[in-house]
Every structure is written in structure tokens, then in C-alpha cells.
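Excluded from the calculations below are hydrogen atoms, water molecules and symmetry mates; all remaining heavy atoms, backbone and side chain alike, are included. Lettering follows sequence order; numbering is per chain, from 1. Because the structure is predicted, anything quoted here is derived from the model rather than measured.
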2 protein chains.
Amino acid sequence: MSNRATQATLKIPKNSGAKRRAGGKPRPTDNSSAIELDGLLGHAGYAVRRFQLWIFQDFIRTLAAVDITPTQYSVLTVIGANPGLSQMAVAQRLGIERARLVHLLDSLEDRKLVKRIRSRTDRRSHALHLTAQGTVSLRQFKLLAAEHERHVAEKIGKENREQLLRILSGFT
Amino acid sequence: MSNRATQATLKIPKNSGAKRRAGGKPRPTDNSSAIELDGLLGHAGYAVRRFQLWIFQDFIRTLAAVDITPTQYSVLTVIGANPGLSQMAVAQRLGIERARLVHLLDSLEDRKLVKRIRSRTDRRSHALHLTAQGTVSLRQFKLLAAEHERHVAEKIGKENREQLLRILSGFT
DNA sequence: AAAGATTGTTGCTGACGACAACAATTGTTC
DNA sequence: GAACAATTGTTGTCGTCAGCAACAATCTTT
């Protein structure tokens, strides 16, 4: 069986939002808001997918100035809160492929935000730490991320956001 | 700025779930459940991402026998509920790139579930319809999808699921 | 010491979104 | 009605991402 993945980042469409047709008169297939979604509306997966699309776009837009994606942010946050973690541990915790994490860390290391230090207790693994600059930067990232969360609260409502987090808390 | 996308499908990991280490004694970096997630837990995006991961995996697993992904299911559902729709209309409605929809329809057409019919009113566009077989198959898909929804309800609770759908209803 | 498992790494495949370019067709504008 | 602009479906490119397999170095178990 073939299947695909819920990725973490996304490009921001340029012509998102308003779109105009050649003419002014809408044709049958055009008024998309009237298109029946049938059972699809009752599917949690569909609702969640659309919501995630929105939420990631807003995150990326809000953190665009510092060029940090949701995935990068999650990696930095975990390392910042748990210095010395191995790559495997981070990958497992965040549900990222360890092969994928290699590239993520390469990028973050190039930007001097993270450093890999060979563990002396287990010389196979790397102890991950934030650099001094990484620590400072992460503080700023968190401020921007908090701003993004406020956008979410504005979008779905403060109480709804908290309710949502409560409902999904089981997925850590 | 670079960003990425929230995709629709995912492969099911083989060794998901239980994993054993070389030894029996847990080492510091190993007990992943104790790893601090810091502010990450308060982020809707992270919770939603993890939830979507779970939900798509379950959908794919539940519909594995018929080899239908969430995206394919959404396309079939919309066409089934709105026969004659153009590709643009479907793409817009589901938030799929029209270039991407071309391949999706190619696949569904190969499997004799969907047919493209040139519209006479607008000879640029294709009117999309389910085949007879597609109509029959979709009925079965819907049964399996309903089973998947029951899994969701079991996982997060019946009331929580409904609450979730209510909260996210604005994202259509 | 030998065998098995784990860690980080590289490379491969397939799926996906964004984008650009194109032919055919339709609508607008002069 | 002719020239121009826009839309539709299509193809192809690019970058991101998940899963998988293979590998060397290293650790654990036997």
C-alpha cells in the first residue's frame, strides 16, 4: 500500500485569497462555496488538515523575519529545554526521522544555533546543545511564536484554542 | 523565505510502537517520555501536527484494503456529491494544486473510478463524474471511512471529537 | 572474543506544494 | 470582428519531507 506524509512546512502561495475570473459573471462550477462537501465535513481528518495548513502558514509568516520553520522551532525548543540530548532522542520525541534530523541539524549548525558534541559516555552519539547565539535567538523565536499563538486564538477563539489543546494533549 | 507544506498522506512506519534497545537498562537520553517539551506543549501547531499524523495513519490503515488515501477519498467524495464539476473547482474546494489534481485524477481514472468528460459549454474544462464502478466503490469507501471516524472517537472521546469538529468548522 | 543492536550518516524512492510555461479556449475591449 | 487578456488543463522543475535500506563506528550481550 502506498501512503504519504504529513509534512511540516509549506510555501506561502502568492495569489492566496482573492482570485478573479476572466469575466465578472460567475459560472456554475465557479461558486466554490456552494459546492457540496458531503460527508467530508464530518471527517476530523479533513478539518484537521485544513486547520494545519492555516496554522503552519501563519507560523511561517510570523517567523519569516527570522527564517525559522515549525520543525526547526520544535528542534531548537527541545534542545534548549534538554541540553545534551542525542539525535535519536530528539527524533523520537518529535516524531522526526533520524535521517531527516541530520539535515535539520546540519542547517541549524551552519547557522551557529546548535552544536553537536561527541558524547564521551557513548561515542556513537552526539550531545546536542544550543550555542550562545542559539540561546539568545531562541528567546526571540519564542516571542514570535507566542505572537503566532495569539493569531490562532484570534482565529478560533481563546477558549476554543485552550479546549483544542486539552483535547489533543494526549498526542504530546 | 522558505517554507514547506502540510501534505496529505504518509507511509506507515513498520517498527512503529514498541522499540527495544540493545540493553535493558535505560540510559539518560533514552526515556523519551521524560524529555521536557517546554513551551512546545502550549503550541496548537505542534499538537495538531501530531494529531494529524495519527489520524492519517489510521485512515490509511483502515482503508488499506481498498488502497485509498485521504486525498483520493476527498476527491471522490466531492465529485460524487457534485457531478460535473471542473478540475479547477475541485482543486479550489479542496485546497489542492490544480497541477497536483491532474495526477490524482489520472490515477483514479486508471482505476476506473472517475471519468473526465469534455464540457460543451466550456471546452477548456472537464466535467468530472464517477463511473458506475466508482459510485459503487465510494459507498464501500465511506463505510470504511466511517469506521476510521469511530477510531478517532475512541481515541479522543466522542464528545471531544464533536467539539473538535465544531471548533474547526470554520476551515471547511 | 564473537554476535547482535544502536547511532549517526548517506542515498534512494515516492509524495507533495509552489511555480512557470504552454496550447486550447473563452471573455473582454476597442 | 479583431486584438488582447484571462482561464483550464497539462507538463515539467524545484525544494521539502517521510520511509527505507545500507554502512561504519561503537556499544551491549552472550
Student: Give the nucleotide from the list C/dT9, D/dT10, C/dT7 with an atom nearest to the side chain of B/Gln87.
Tutor: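 Out of C/dT9, D/dT10, C/dT7, the nucleotide with an atom closest to B/Gln87's side chain is D/dT10.
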Student: A/Arg49 side chain: which of C/dG17, C/dT9, C/dA18 is closest?
Tutor: C/dG17
Student: Please tell me if A/His103 has a side-chain N or O lying less than 4.0 Å from either OP1 or OP2 of C/dT9.
Tutor: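 No, because none of the side-chain N or O atoms of A/His103 sits under 4.0 Å from OP1 or OP2 of C/dT9.
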Student: Tell me the interatomic distance from A/Asp67, atom CG, to D/dG15, atom C1', rounded to whole angstroms.
Tutor: 14 Å
Student: Round to a whole Å and report the spacing from CZ of A/Arg118 to C1' of D/dA24.
Tutor: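 So the two atoms are 11 Å apart, to the nearest Å.
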Student: Determine the contact category for B/Glu97: base if any of its heavy atoms lies under 4.0 Å from a base atom, sugar-phosphate if only primed atoms, P, OP1 or OP2 are that close, otherwise nothing.
Tutor: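 Base, at least one base atom sits under 4.0 Å.
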Student: Check whether any side-chain N or O of B/Ser107 sits under 3.5 Å from a backbone N or O of B/His103 as a donor-acceptor pair, and report yes or no.
Tutor: no
Student: For A/His126 and C/dT7, what is the distance between atoms NE2 and P respectively, to the nearest whole Å?
Tutor: 13 Å
Student: Side-chain N or O of B/Arg116 versus OP1/OP2 of D/dT10: is the shortest distance under 4.0 Å?
Tutor: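 Yes, because at least one side-chain N or O of B/Arg116 sits under 4.0 Å from OP1 or OP2 of D/dT10.
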Student: Any Lys/Arg nitrogen of B/Glu154 or B/Arg150 sitting under 4.0 Å from an Asp/Glu carboxylate oxygen of the other?
Tutor: no
Student: Between A/Arg120 and B/Met88, which residue's closest nucleotide on DNA chain D lies nearer the 5′ terminus?
Tutor: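 In this pair, the answer is B/Met88.
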Student: What is the separation between atom CG on A/Leu105 and atom P on C/dT10, rounded to the nearest whole Å?
Tutor: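 From A/Leu105 CG to C/dT10 P: 12 Å.
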Student: B/Lys155: which residues meet the side-chain contact (heavy atoms from CB on, under 4.5 Å) condition with it, sequence neighbours left out?
Tutor: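 Residues passing side-chain contact (heavy atoms from CB on, under 4.5 Å) with B/Lys155: A/Phe171, B/Trp54.
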Student: Not counting sequence neighbours, which residues clear side-chain contact (heavy atoms from CB on, under 4.5 Å) with B/Val66? List them please.
Tutor: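 Partners of B/Val66 under the side-chain contact (heavy atoms from CB on, under 4.5 Å) test: B/Leu63, B/Ile68, B/Gln140, B/Phe141, B/Leu144.
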Student: Please tell me if B/Arg124 has a side-chain N or O lying less than 4.0 Å from either OP1 or OP2 of C/dA24.
Tutor: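 B/Arg124 to C/dA24 OP1/OP2: no side-chain N or O under 4.0 Å.
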Student: Quickly work out the B/Leu128 CG to D/dG9 C1' distance and round it to whole Å.
Tutor: 11 Å
Student: Could you pull out the closest heavy-atom pair between A/Leu101 and A/Ile96, with the gap in Å?
Tutor: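 Result for this residue pair: N-CG2, 4.0 Å.
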Student: Starting from C1' on C/dG17, measure out to CH2 on A/Trp54 and report it in whole angstrom.
Tutor: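 One finds 19 Å between C1' of C/dG17 and CH2 of A/Trp54, rounded.
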Student: Using a distance-only criterion (donor-acceptor N/O pair, under 3.5 Å, no hydrogens), is the base of C/dG8 paired with the side chain of A/Arg98?
Tutor: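 Indeed there is one.
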Student: Go through D/dT11, C/dT10, C/dA18 for me and flag the one nearest to the A/Ala99 side chain.
Tutor: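 The listed nucleotide nearest to A/Ala99's side chain is C/dT10.
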Student: Measure from the side chain of A/Gln57, starting at C-beta and using heavy atoms only, and say which of D/dT8, C/dA18, C/dT10 lies closest.
Tutor: C/dA18
Student: Round to a whole Å and report the spacing from CZ of B/Arg123 to P of D/dT8.
Tutor: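 After rounding, the reported distance stands at 16 Å.
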Student: Within this structure, what is the CG-to-C1' distance between A/Leu101 and D/dC20, rounded to whole angstrom?
Tutor: 17 Å
